[in-house]
Amino acid sequence: MRRVLIATSNPGKLRDFAGAAKPHEIEIGGIPDFASLPTVVEDGLTFEENARKKAEEYSRYASGEIVVADDSGLEVDALHGDPGVHSARYAAPEVHGVQPHLANENTDDEANNARLLRELRNVPREKRSARFVCVLAAARDGKTLATFRGTAEGMILDASRGTNGFGYDPLFYFPQIQKTFAELSAEEKSHHSHRGAAFRQFLAWCDKGIQKGSKG
Ligand code: IMP
């Protein structure tokens with residue numbers, strides 16, 4: 001059984017990844033003492049940059065192991081791709097008085113969703129297209145081996161629907177099954193989500209045999 005370490009402190013993400021990886025005979029683990037490691041500053045301009053930076057830096061603490069890190073967020077076309085890499089701190093101007101790229105802390109989901117609705121208040125339904133994006137980077141000993149990008153296309157509603165999920169899920173309507181992401185079960189979400197899509201690409205790459213030094 002091969003082993004992959006996920007650079008996250010989120011037990012939900014670890015569980016999801018472990019469930020998807022099991023049929024591929026890949027064991028998923030966390031990075032030892034992850035919480036005590038210095039935080040990697042996510043100051044990249046793209047999801048790729050941030051995912052690579054996290055995977056490379058954390059892989060230095062787990063010699064010889066494949067370490068996977070992800071970065072994800074919401075891109076809204078009418079907002080020229082915002083909140084994008086700043087999705088987790090989109091409400092920073094209201095909450096912390098600074099622009100999202102200068103904020104040191106995330107802002108809560110409720111404040112982020114409120115800002116999103118405010119920014120889109122004059123945007124008609126047909127112009128509210130958006131996508132969730134997730135980029136996974138796999139690294140070993142400080143070098144990225146490959147990256148994988150998954151997306152989910154939808155639109156932003158003008159009011160929340162559903163109570164599952166997190167983040168922007170209640171505002172993200174997924175036309176393919178006519179539900180918001182907050183109305184999906186955990187299984188449905190992993191089937192349709194950007195994170196599930198990126199992780200399935202990663203698993204397919206593992207199944208081909210992890211190439212030393214290869215790049216995706
Ligand atoms: P991270 O990559 O886990 O740091 O996610 C960044 C931010 O993007 C989160 O705080 C959420 O606001 C948003 N986001 C990423 N993935 C999802 C999702 O599946 N549903 C809702 N919001 C998400």
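Just so it is clear, the model here is predicted, and its values are computed rather than measured. Index from 1, following the sequence. Side-chain atoms are counted along with the backbone in the values below, which use heavy atoms only and exclude waters and symmetry mates. Counting starts at 1 for both ligands and their atoms, following the listed order.
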Quick test: of every protein heavy atom, which one is nearest to atom 16 (N) of ligand 1, and how far off is it to 0.1 Å?
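For this ligand atom, the closest protein heavy atom is R195 NH2, 2.9 Å.
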
Residue selection (non-hydrogen contact nearest atom 4 (O) of ligand 1) among L184, V85, D71:
D71

Look at the side-chain heavy atoms of Ile, Leu, Val, Met, Phe, Trp and Tyr, link any pair under 4.5 Å apart, and say whether Y173 and Y168 land in one connected group.
no

Option with minimal heavy-atom separation from atom 6 (C) of ligand 1, where the choices are G167, P83, S72, S190
S72

Would D169 count as a contact residue for ligand 1, given that I'm defining contact as a non-hydrogen atom of the residue lying under 4.0 Å from a ligand atom?
yes

Residues E65 and R3 bridged, charged N to O under 4.0 Å
yes

Enumerate the atoms of ligand 1 whose separation from the nearest heavy atom of A88 is less than 4.0 angstrom.
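Reading through ligand 1 atom by atom, the close ones are 7 (C), 10 (O).
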
Parallel, tilted or perpendicular for F132 and H194, by the 30°/60° rule?
parallel

Are F181 and ligand 1 in contact, using a heavy-atom cut-off of under 4.0 Å?
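No, F181 has no heavy atom closer than 4.0 Å to ligand 1.
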
State whether E27 and K22 are salt-bridged, where the test is any N-O pair (Lys NZ or Arg NE/NH1/NH2 against Asp/Glu carboxylate O) under 4.0 Å.
no

Which pair of heavy atoms, one from V67 and one from A7, lies closest together, and at what distance?
CG1-CB, 4.2 Å

Quick one: do R131 and D77 make a salt bridge, cutoff under 4.0 Å?
yes

Residue of the set D158, T180, N112, L117 for which side-chain contact (heavy atoms from CB on, under 4.5 Å) holds with L171
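Of the listed residues D158, T180, N112, L117, the side-chain contact (heavy atoms from CB on, under 4.5 Å) partner of L171 is L117.
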
Over all heavy atoms of both residues, which pair between F166 and K189 is shortest? Give the atoms and the distance, please.
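Smallest interatomic distance, heavy atoms only, reads CE2-NZ, 3.6 Å.
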
Taking N or O atoms only and a 3.5 Å limit, does D109 qualify as a polar contact for ligand 1?
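No.
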
Looking only at heavy atoms, what is the nearest atom pair of K179 and R161, with distance?
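That closest heavy-atom pairing would be CA-NH2, 4.3 Å.
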
Do R195 and S72 have side-chain N/O donor and acceptor atoms under 3.5 Å apart?
yes

Please could you name the atoms of ligand 1 that K13 approaches to less than 4.0 Å, counting only its heavy atoms?
3 (O)

If I apply the N/O under 3.5 Å rule, does D70 come out as touching ligand 1?
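No - when backbone and side-chain N and O of D70 are compared with those of ligand 1, no distance drops under 3.5 Å.
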
Which protein heavy atom lies closest to atom 23 (C) of ligand 1, and at what distance to 0.1 Å?
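Protein heavy atom at minimum distance: F132 CE2, 3.6 Å.
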
Minimum-distance protein heavy atom relative to atom 12 (O) of ligand 1:
Y168 CE1, 3.2 Å

Using a 4.0 Å heavy-atom cut-off, which part of E42 comes near ligand 1: side chain, backbone, both, or neither?
neither

Below 4.0 Å from any atom of ligand 1, is there a heavy atom belonging to G73?
yes

Sub-4.0 Å atoms of ligand 1 with respect to non-hydrogen atoms of K189:
18 (C), 19 (O), 20 (N)

Does only the side chain of F166 get under 4.0 Å from ligand 1, or the backbone, or both, or neither? Count heavy atoms.
both

